[in-house]
Amino acid sequence: MPEGHTLHRLAISHHRRFAGGVVRVSSPQGRFADGAALVDGRTLTRAEAWGKHLLHHYDSGLVVHVHLGLYGTFTESPAPLTEPVGQVRMRMIGGGRAARPYGADLRGPTACEVLHAPEVDALTARLGPDPLRPDADPERAASRIRRSSRSIAALLMDQSVVAGVGNVYRAEVLFRHGISPRRQGRAVSAGQWDELWADLVALMNTGVREGAIVVMRPEDDHGAPSYASGKPRTYVYRRAGEPCRICATTIAHTVLQGRNLFWCPSCQPD
């Protein structure tokens, strides 16, 4: 599933390409036809992301909410667009303030819906602070974590605690700070949380800038290749059974709440 930096990159791109102008919105697939009709021909005022949620705000006050889920993707290209290929849930075409019109096709999202302002407020109220948002309050997450007997690994993936962190950032930030994923939230000190949050802010902003999850410190970025071609190296993510890049201990793996979890037992002791 795309992590928060991907949604923020999309929001930046959509705001740059569509905001400030009339957008033609359709649903070639038909599943979003009613929603598309509500915003078609309206002006997109801004696009923003909150965690793994993308929000397109229109001048009518209506908001298109997109959650990509596991399979959702946007493809963007200069207009005019060719005939839709595949199951295009939503097609956007507009110029905004850009030099030339652009189009964007959305396929396979978990959610694509039109919301009113109170519904948007209810959605964002359910989400924890997003490390990529300037209005984020890390103390909201800290207060949940320090009262919880759940593992810090589970808490970091709970979008009501911290919004936007996914499996890769979870595994890698815990390794970078030597914290066992099995440590209870209430056993994470205030200082450790402050450091984790600051690192998430830095790493996820790098992800927005680079378009990839880059977690290796320069002095460690060598040795065995990444888990997949074209991906930056990781310390532990998808490296189960391989030697730790720092201490050579075998990277451990388990499944926690349906998601794969990776860590180094030596660098991240219980």
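In this text, all values refer to a predicted model and were calculated from it rather than measured experimentally.
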Visitor: Would you confirm whether Arg107, through its side chain, and Val85, through its main-chain N or O, come within 3.5 Å as a donor-acceptor pair?
Guide: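 A pair under 3.5 Å: yes.
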
Visitor: Can you tell me how far the CZ atom of Arg31 sits from the CZ atom of Arg89, to the nearest 0.5 Å?
Guide: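 Arg31 CZ to Arg89 CZ: 4.0 Å, rounded to 0.5 Å.
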
Visitor: I would like to know whether Asp158 and Arg150 meet salt bridge (Lys or Arg N to Asp or Glu O under 4.0 Å); could you show each step before the answer?
Guide: CA-CA 11 Å; Asp158 184 337; Arg150 296 168 63 199; 3.0 Å; yes

Visitor: Evaluate the criterion salt bridge (Lys or Arg N to Asp or Glu O under 4.0 Å) for residue pair Arg146 and Glu139; output intermediate values, then yes/no.
Guide: CA-CA 10 Å; Arg146 62 175 170 249; Glu139 179 55 29; 2.3 Å; yes

Visitor: Report yes or no: does Gln159 contribute a side-chain atom to a donor-acceptor pair with the main-chain N or O of Gly164 at less than 3.5 Å?
Guide: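 Yes, because the side chain of Gln159 sits within donor-acceptor range (under 3.5 Å) of the backbone of Gly164.
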
Visitor: When you measure from the side chain of Gln268 to the backbone N and O of Pro265, does any donor-acceptor pair fall under 3.5 Å?
Guide: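 A pair under 3.5 Å: no.
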
Visitor: Could you report the tightest heavy-atom contact between Gly69 and Met1, atom names first, then the distance?
Guide: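 Taking Gly69 first and Met1 second, the nearest heavy atoms are O-CG, 3.4 Å.
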
Visitor: Nearest 0.5 Å please: distance from the CZ atom of Arg233 over to the NE2 atom of His222.
Guide: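 One finds 8.5 Å between CZ of Arg233 and NE2 of His222.
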
Visitor: Looking only at non-hydrogen atoms, find the nearest pair between Pro269 and Ser180 and report the distance.
Guide: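 The pair with the smallest heavy-atom distance is O-CB, 3.4 Å.
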
Visitor: Closer than 3.5 angstrom, by distance alone: can the side chain of Asp137 be matched with the main-chain N or O of Pro129 as a donor-acceptor pair?
Guide: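 No, the answer is negative, given that no donor and acceptor are paired below the 3.5 Å cut-off.
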
Visitor: Run the side chain to side chain donor-acceptor pair (under 3.5 Å) check on Thr45 and Asp59 step by step: do they pass?
Guide: CA-CA 6 Å; Thr45 57; Asp59 60 351; over 6 Å; no

Visitor: Pick from Tyr169, Trp263, Tyr235: which one makes a ring pair (Phe, Tyr, Trp, His ring centres under 6.0 Å) with Phe175?
Guide: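 Only match with Phe175 under ring pair (Phe, Tyr, Trp, His ring centres under 6.0 Å): Tyr235.
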
Visitor: Determine whether more than 12 heavy atoms belonging to other residues, nucleotides or ligands lie under 6.0 Å from atom CD of Glu83.
Guide: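 It does not: Glu83 CD has 12 such atoms or fewer within range.
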
Visitor: According to ring-ring contact (aromatic ring centres under 6.0 Å, His included), who are the partners of Phe262, at least two apart in sequence or on a separate chain?
Guide: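 ring-ring contact (aromatic ring centres under 6.0 Å, His included) check on Phe262 returns Tyr237, His253.
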
Visitor: So among His14, Arg133, His8, which one has a side-chain hydrogen bond (donor to acceptor under 3.5 Å, both in side chains) with Glu48?
Guide: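 Result: among His14, Arg133, His8, Arg133 is the only option passing the side-chain hydrogen bond (donor to acceptor under 3.5 Å, both in side chains) with Glu48.
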
Visitor: Could you tell me whether Arg17 sits above the aromatic face of Tyr102, with NZ or CZ closer than 6.0 angstrom to the six-membered ring centre and within 45 degrees of the axis?
Guide: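 Satisfied, under 6.0 Å and within 45°.
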
Visitor: Just do the side chain to side chain donor-acceptor pair (under 3.5 Å) check on Glu242 and Thr250 with the steps written out, would you?
Guide: CA-CA 5 Å; Glu242 298 183 30; Thr250 300; over 6 Å; no

Visitor: Do Thr206 side-chain atoms and Ala202 backbone N/O form a donor-acceptor pair below 3.5 Å?
Guide: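 Checking the backbone N and O of Ala202 against the side chain of Thr206, a donor-acceptor pair under 3.5 Å is found.
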
Visitor: Ile213 and Leu7: same hydrophobic cluster, using ILVMFWY side-chain contacts below 4.5 Å?
Guide: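 Result: no, two separate clusters.
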
Visitor: To the nearest 0.5 Å, tell me how far Met204 CE sits from Leu132 CG.
Guide: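 Reported to 0.5 Å precision, the distance equals 4.5 Å.
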
Visitor: What is the distance from atom CG of Leu174 to atom CG of Asp199, rounded to the nearest 0.5 Å?
Guide: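 Going from the CG atom of Leu174 to the CG atom of Asp199 covers 10.5 Å.
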
Visitor: So, does Gln257 use its side chain to make a donor-acceptor pair with the main chain of Ala154 at under 3.5 Å?
Guide: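 Pair absent, no side-chain N/O of Gln257 close to backbone of Ala154.
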
Visitor: For the backbone of Arg176 and the side chain of Arg217, can you confirm whether one donor and one acceptor N or O come within less than 3.5 Å of each other?
Guide: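 Here the side-chain-to-backbone pair exists.
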
Visitor: What are the two closest heavy atoms between Leu261 and Ala153, and how far apart are they?
Guide: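 Heavy atoms of Leu261 and Ala153 come nearest at CD1-CB, 4.0 Å.
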
Visitor: For Val168, does its backbone N or O pair with a side-chain atom of Glu3 as donor and acceptor, under 3.5 Å?
Guide: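 Answer holds: yes.
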
Visitor: Going through the checks in order, is the salt bridge (Lys or Arg N to Asp or Glu O under 4.0 Å) test met by Asp40 and Arg24?
Guide: CA-CA 5 Å; Asp40 180 41; Arg24 302 314 308 258; 2.8 Å; yes

Visitor: Do any N or O atoms from the side chain of Thr6 and from the backbone of Pro2 form a donor-acceptor pair under 3.5 angstrom?
Guide: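 Here the side-chain-to-backbone pair does not exist.
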
Visitor: Looking at Asp220 and Arg245, does any basic side-chain N land under 4.0 Å from a carboxylate oxygen?
Guide: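 Between Arg245 and Asp220 there is no salt bridge, as every charged N stays at least 4.0 Å from the carboxylate O atoms.
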
Visitor: Looking at residues at least two apart in the chain, or sitting in another chain, which of them share a side-chain hydrogen bond (donor to acceptor under 3.5 Å, both in side chains) with Thr43?
Guide: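 Per chain and number, Thr43 pairs via side-chain hydrogen bond (donor to acceptor under 3.5 Å, both in side chains) with no residue.
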
Visitor: Taking Ser189's backbone N and O only, do any of them form a donor-acceptor pair with Gln192's side chain (distance below 3.5 Å, no angle check)?
Guide: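 Answer holds: yes.
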
Visitor: Determine the interplanar angle of the Phe74 and His56 rings, folded into 0 to 90°, and report it as parallel if under 30°, tilted if 30 to 60°, perpendicular if over 60°.
Guide: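 Judged by the thresholds at 30° and 60°, the geometry between Phe74 and His56 is tilted.
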
